[in-house]
Number of protein chains: 2
Amino acid sequence: MTQIDRQSIPVPTLRRMPAYCNYLKSLSVKGIVYVSTTAVANDLNLIPIQVRKDFEYTRLSGKPKIGYNLELLIEAIEYILGWNKMSNAVIAGVGNLGKALLSYQGFKNYGLDIIAGIDQDKKKHGKEVAGRKVYPPEQIGVLVKENKIGIGIITVPAESAQLMADLFVKNGITALWNFAPVRLNVPADVVVQNENLASSLAVLSQRIKQQKEK
Amino acid sequence: MTQIDRQSIPVPTLRRMPAYCNYLKSLSVKGIVYVSTTAVANDLNLIPIQVRKDFEYTRLSGKPKIGYNLELLIEAIEYILGWNKMSNAVIAGVGNLGKALLSYQGFKNYGLDIIAGIDQDKKKHGKEVAGRKVYPPEQIGVLVKENKIGIGIITVPAESAQLMADLFVKNGITALWNFAPVRLNVPADVVVQNENLASSLAVLSQRIKQQKEK
DNA sequence: TTTTTATCAATATAAATATATCTATTTAAG
DNA sequence: CTTAAATAGATATATTTATATTGATAAAAA
């Protein structure tokens with residue numbers, strides 16, 4: 001029996017989910033009620049088989065000739081990603097990148113609300129970025145308690161990333177989104193998602209090189 | 001025969017390359033000359049077999065009990081990634097994210113020099129961000145010709161991303177690093193590397209959800 | 001020397017992911 | 001009512017990537 005284990009969704013599938021979600025929502029506002037995987041695949045430059053496979057993880061099933069119920073599909077994807085309930089986050093490091101993330105309102109659609117910034121720089125304390133206040137690192141404990149912070153975002157320089165991670169973990173945060181180019185050392189129960197621009201640049205660079213060689 | 005086709009390096013391997021590169025360089029400054037895959041794996045939280053597999057793509061071979069020659073290894077990785085020769089880039093969209101990328105000097109270590117910004121906003125024209133001037137979009141043609149721009153970085157809002165991509169392509173740029181959450185439509189010979197924070201957040205969110213269910 | 005040990009290299013296996021094929025079902029058109 | 005077209009769903013295959021195993025080799029130790 002080849003029953004799909006819906007508990008463990010492949011990462012590539014997960015990475016495609018937001019695109020599905022956005023696309024489906026854009027159809028929804030147009031008043032569309034059903035959508036076929038063929039249509040989705042067509043519009044998102046994917047192949048129908050893959051879309052169908054991905055949709056299988058929602059445990060929904062579509063109707064032949066009709067497709068999937070749009071609303072249920074959106075709901076199911078948001079449920080899978082946990083985007084149906086908002087998580088609060090704080091961001092450590094209010095430099096350019098930190099500011100960029102704080103200012104990007106789009107995360108709210110993804111169940112993420114960055115409610116405050118943390119920075120060493122005293123000049124920044126008390127100031128606001130995109131309506132979010134900046135606090136000193138010592139405040140993390142209070143922030144976490146008062147706001148049910150679930151996610152710590154790290155946009156500090158590489159040198160201080162581990163320190164910030166430790167501070168987050170010490171204050172009970174169990175999920176880190178790390179933009180610093182270092183591998184963080186954390187307890188096993190802490191989830192770390194690394195965002196590494198160098199990695200992406202490596203892929204791009206190599207593809208450019210290959211393209212030139214053709 | 002299972003000869004490895006070194007032309008097509010797996011993307012996961014490519015993504016690990018920068019970490020190797022940084023790590024190896026850090027050893028190099030300490031005066032170390034040889035390094036074993038066991039040591040690398042240990043320090044980078046990988047397994048030796050994987051490191052060895054990755055190193056195979058450099059076409060170098062190591063010596064038992066000794067390891068790989070550090071300098072040759074770094075050279076080979078930089079060659080693979082094309083990081084041995086600098087590429088010039090311009091960045092379209094000098095908002096927070098654009099500023100963050102412009103200000104991040106680290107890219108020079110990765111063979112990338114962002115030499116200018118492009119923005120619609122007239123107030124920004126002529127101003128400098130991290131020593132790089134901001135120009136109006138109409139200037140792209142001139143910039144490309146005068147500076148051998150190879151890469152266009154897109155950090156404009158989703159709505160205008162396709163427009164910027166078109167403009168880049170029209171002016172002969174064949175590689176795009178796209179931070180806008182849209183799928184760009186470009187000719188087949190243009191390389192596009194998409195950077196999608198929503199995708200990463202999806203993975204993180206789901207992992208958090210799973211962790212909680214344990 | 002000889003033996004031991006660390007490490008590489010080659011090969012094999014396993015796991016994850018992507019793609020293809022086929023069948024049954026449903027709807028819409030005739 | 002019947003038939004044809006479209007599509008989901010199940011299953012099979014291919015591809016990619018990760019991991020394991022085995023043997024060879026060179027350096028260090030006995």
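Below, all heavy atoms of this structure are taken into account, side chains as well, without hydrogens, waters or symmetry copies. Not measured: the values here are computed from a predicted model. Per chain, numbering begins at 1; letters A, B, ... match sequence-line order.
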Gap between atoms CG and P, on Leu46(A) and dA20(C) respectively (whole Å) | 14 Å
All N/O donor-acceptor pairs, side-chain side in residues 15-22 of chain A, below 3.5 Å, sequence neighbours left out:
from     : atom 1 : to        : atom 2 : distance (Å)
Arg15(A) : NH2    : Ser200(B) : OG     : 3.1
Arg16(A) : NE     : Asp54(A)  : OD2    : 2.7
Arg16(A) : NH2    : Asp54(A)  : OD1    : 3.2
Arg16(A) : NH2    : Asp54(A)  : OD2    : 3.4
Tyr20(A) : OH     : Asp54(A)  : OD2    : 2.5
Asn22(A) : ND2    : Tyr110(A) : OH     : 3.3

For Ser160(A), side chain to side chain donor-acceptor pair (under 3.5 Å) partners two or more places apart = none
In whole Å, what is the span from the CZ atom of Phe55(A) to the P atom of dA10(D)?
-> 16 Å
Return the set of residues passing side chain to side chain donor-acceptor pair (under 3.5 Å) with Asn69(B) (not counting sequence neighbours), or none when no residue passes.
-> none
dC8(C) phosphate, OP1 or OP2, under 4.0 Å from Thr37(B) side-chain N/O = yes
State whether the number of non-hydrogen atoms from other residues, nucleotides or ligands found under 6.0 Å of Gln120(B) atom CD is greater than 12.
-> no
Separation of dA8(D) C1' from Arg59(A) CZ (nearest whole Å) = 18 Å
Sequence neighbours excluded, the answer for side chain to side chain donor-acceptor pair (under 3.5 Å) partners of Ser205(A) is Trp83(B)
Contacts satisfying salt bridge (charged side-chain N to carboxylate O under 4.0 Å, His left out) that involve residues 68-82 of chain A (not counting sequence neighbours) are Lys25(A)-Glu78(A)
Quick one: stems involving DNA chain D, counted as three or more successive Watson-Crick or G-U pairs, both distances short of 3.5 Å.
-> C:1-30 with D:1-30
Check ring pair (Phe, Tyr, Trp, His ring centres under 6.0 Å) between Phe179(B) and all other residues, then give those that pass, not counting sequence neighbours.
-> Trp177(B)
Between Lys63(A) (NZ) and dA24(C) (C1'), how many Å, whole number?
-> 17 Å
Test ring pair (Phe, Tyr, Trp, His ring centres under 6.0 Å) applied to Tyr104(A) - qualifying residues, sequence neighbours left out = Phe107(A)
I'd like a table of donor-acceptor pairs (distance under 3.5 Å, sequence neighbours excluded) in which one partner is a side-chain atom from residues 84-102 of chain B, with atom names and distances.
from     : atom 1 : to        : atom 2 : distance (Å)
Asn88(B) : ND2    : Asn147(B) : O      : 2.8
Asn96(B) : ND2    : Ser103(A) : OG     : 3.1

Partner residues of Tyr68(A) under the ring pair (Phe, Tyr, Trp, His ring centres under 6.0 Å) criterion, sequence neighbours left out | Phe55(A)
Within 45 degrees of the axis of the six-membered ring of Tyr79(B) and under 6.0 Å from its centre: does Lys209(A) put its NZ or CZ there?
-> yes
Rounding to a whole Å, what distance do you find between Tyr57(A):OH and dA10(D):P?
-> 13 Å
Output yes when at least one side-chain N/O atom of Ser61(A) is less than 4.0 Å from OP1 or OP2 of dA8(D), else no.
-> no
Under 4.0 Å protein heavy-atom contact, by nucleotide of nucleotides 17-24 of chain D - B base, S sugar-phosphate only = SSBB----
Positions of residues 65-73 of chain A (non-hydrogen atom under 4.0 Å from DNA chain D), listed by number = Lys65(A), Gly67(A), Tyr68(A)
